[in-house]
Amino acid sequence: MTYLNKDQRREEILQAAMRVALKEGFSGMTVRRIAAEAGVAAGQVHHHFASIGELKSQAFIHLIRELLDVEIVPATAGWREKLHAMLGSDENSLEPYIRLWREGQILAERDSEIKGAYILTMEMWHQRTVAIIKAGAGDKVFILKDTAENIAWRLISLVCGLDGIYMLNIGGMDDAAFNKHLDKLISLELN
């Protein structure tokens, strides 16, 4: 084991937890599995994190922040394209993150630490969506008929609902239908 200071070791364990989460989900995030991934003794995990719940929550928040930071469209893309990318993407490489977010939603019902992390990530998504809407309105691309905050929550709600229908394979909800519904609501809300 390489000598690392406390902060470096904590970060190494957190990064290991994030890798495990992406590969195996929350259920794979055991102290033993994360310690093995980090190449440390299980006691090191307990030393650096108050609980496995804290570690899972921190890993989840960091991963969702990574997901929200992914630039799916180029910086030169239009505001509508940027908004669509923030709300829904066909980018297959993001699927492990989306799977984890779905799992977090389910676990939030019975795990207060995951619930807190899930709420925080939803607020992060909302803030990013609001920023895009406001920037698009500032450039006169979007016409606001309500506050950017309210519009963002409605768009996010639609995406969450469509995702549930998509996952259950109801009514022919595929990528094309998902995108059609999202585009329709963006037009209704912002044109």
Side-chain angles (χ1 to χ4, degrees), residues 14 18 21-22 26 56-109 111-191:
L14 179 60
M18 291 165 61
L22 287 177
F26 282 105
K56 286 180 178 184
S57 297
Q58 289 301 309
F60 179 69
I61 292 165
H62 280 76
L63 286 167
I64 299 306
R65 185 170 290 128
E66 279 182 11
L67 171 65
L68 293 172
D69 287 344
V70 170
E71 290 205 22
I72 298 167
V73 296
T76 57
W79 290 115
R80 185 182 180 97
E81 193 177 358
K82 288 178 183 181
L83 180 60
H84 192 284
M86 178 56 61
L87 293 166
S89 171
D90 300 335
E91 180 63 43
N92 289 334
S93 65
L94 302 178
E95 189 55 35
Y97 294 87
I98 302 299
R99 226 179 15 253
L100 189 67
W101 209 344
R102 289 175 184 138
E103 190 179 356
Q105 180 182 16
I106 293 165
L107 293 175
E109 190 175 311
D111 184 321
S112 62
E113 288 181 289
I114 296 298
K115 181 177 183 176
Y118 187 81
I119 290 169
L120 178 62
T121 61
M122 288 296 287
E123 290 169 350
M124 289 163 38
W125 187 21
H126 180 256
Q127 290 167 358
R128 297 281 177 93
T129 304
V130 167
I132 292 169
I133 292 169
K134 285 182 175 181
D139 283 350
K140 309 272 190 264
V141 173
F142 297 142
I143 299 167
L144 301 183
K145 302 168 195 162
D146 196 351
T147 66
E149 291 78 11
N150 287 341
I151 293 168
W153 279 128
R154 284 194 295 273
L155 291 169
I156 288 169
S157 296
L158 174 78
V159 167
C160 291
L162 288 175
D163 185 61
I165 294 168
Y166 180 90
M167 291 305 301
L168 295 170
N169 198 23
I170 298 173
M173 183 61 66
D174 58 8
D175 290 339
F178 184 102
N179 288 322
K180 178 182 160 194
H181 291 301
L182 179 55
D183 284 337
K184 178 72 173 178
L185 189 61
I186 290 171
S187 293
L188 288 171
E189 288 284 0
L190 295 166
N191 287 342

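Values reported hereafter were calculated over all heavy atoms of this structure, with side chains retained and with hydrogens, waters and symmetry mates removed. Each residue takes its place number in the sequence, starting with 1.
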Show me the donor-acceptor pairs, under 3.5 Å and distance only, between side chains in residues 64-74 and residues at least two apart or in other chains.
from  : atom 1 : to     : atom 2 : distance (Å)
Glu66 : OE1    : Tyr97  : OH     : 2.9
Asp69 : OD1    : Arg128 : NH1    : 2.7
Asp69 : OD1    : Arg128 : NH2    : 2.7

Under a 3.5 Å distance rule, please check whether [X] uses its side chain to pair with a backbone N or O of [Y] as donor and acceptor.
{"X": "Lys82", "Y": "Ala75", "value": "yes"}
{"X": "Ser89", "Y": "Ala85", "value": "no"}
{"X": "His126", "Y": "Glu149", "value": "yes"}
{"X": "Asn150", "Y": "Asp146", "value": "no"}

Worksheet entry | Pair Trp153 and Trp125, ring centroids less than 6.0 Å apart | no
If I compare all heavy atoms of [X] with all of [Y], which pair ends up nearest, and what's the gap?
{"X": "Thr121", "Y": "Ile61", "answer": "CG2-CA, 4.1 Å"}
{"X": "Asp163", "Y": "Phe178", "answer": "N-CE1, 3.9 Å"}
{"X": "Gly104", "Y": "Ile114", "answer": "O-CG2, 3.6 Å"}
{"X": "Gly172", "Y": "Ala177", "answer": "O-CB, 3.9 Å"}
{"X": "Asn92", "Y": "Pro96", "answer": "O-CD, 4.2 Å"}

Fill in: Exceeds 12 heavy-atom contacts within 6.0 angstrom, atom CG of Asn169
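Counting neighbours around CG of Asn169, 12 or fewer heavy atoms of other residues, nucleotides or ligands fall under 6.0 Å, so no.
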How about [X] and [Y]: do any of their side-chain heavy atoms sit closer than 4.5 Å?
{"X": "Arg80", "Y": "Asn191", "result": "yes"}
{"X": "Leu83", "Y": "Phe142", "result": "yes"}
{"X": "Ile143", "Y": "Leu190", "result": "no"}
{"X": "Gln105", "Y": "Cys160", "result": "no"}
{"X": "Trp79", "Y": "His84", "result": "no"}
{"X": "Gln58", "Y": "Met18", "result": "no"}

Residues in side-chain hydrogen bond (donor to acceptor under 3.5 Å, both in side chains) with [X], at least two apart?
{"X": "Asp174", "answer": "none"}
{"X": "His62", "answer": "none"}
{"X": "Glu91", "answer": "Ser93"}
{"X": "Asp111", "answer": "none"}

Worksheet item: Less than 4.0 Å between a side-chain N and a carboxylate O, is that true for Arg102 and Glu95?
Response: yes
Worksheet item: Does the distance from a Lys or Arg side-chain N to an Asp or Glu carboxylate O, for Glu113 and Lys56, drop under 4.0 Å?
Response: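 No, Glu113 and Lys56 are not salt-bridged.
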Worksheet entry | Parallel, tilted or perpendicular: rings of Phe60 and Tyr118 (30°, 60°) |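 Ring orientation of Tyr118 relative to Phe60: parallel.
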Worksheet, complete the sentence: side-chain contact (heavy atoms from CB on, under 4.5 Å) filter on Lys184, not counting sequence neighbours, yields Leu188
Item to complete: Take Lys145 and Glu189 through the side chain to side chain contact (heavy atoms under 4.5 Å, CB included) test and state the conclusion after the steps.
Response: CA-CA 7 Å; Lys145 302 168 195 162; Glu189 288 284 0; 6.0 Å; no
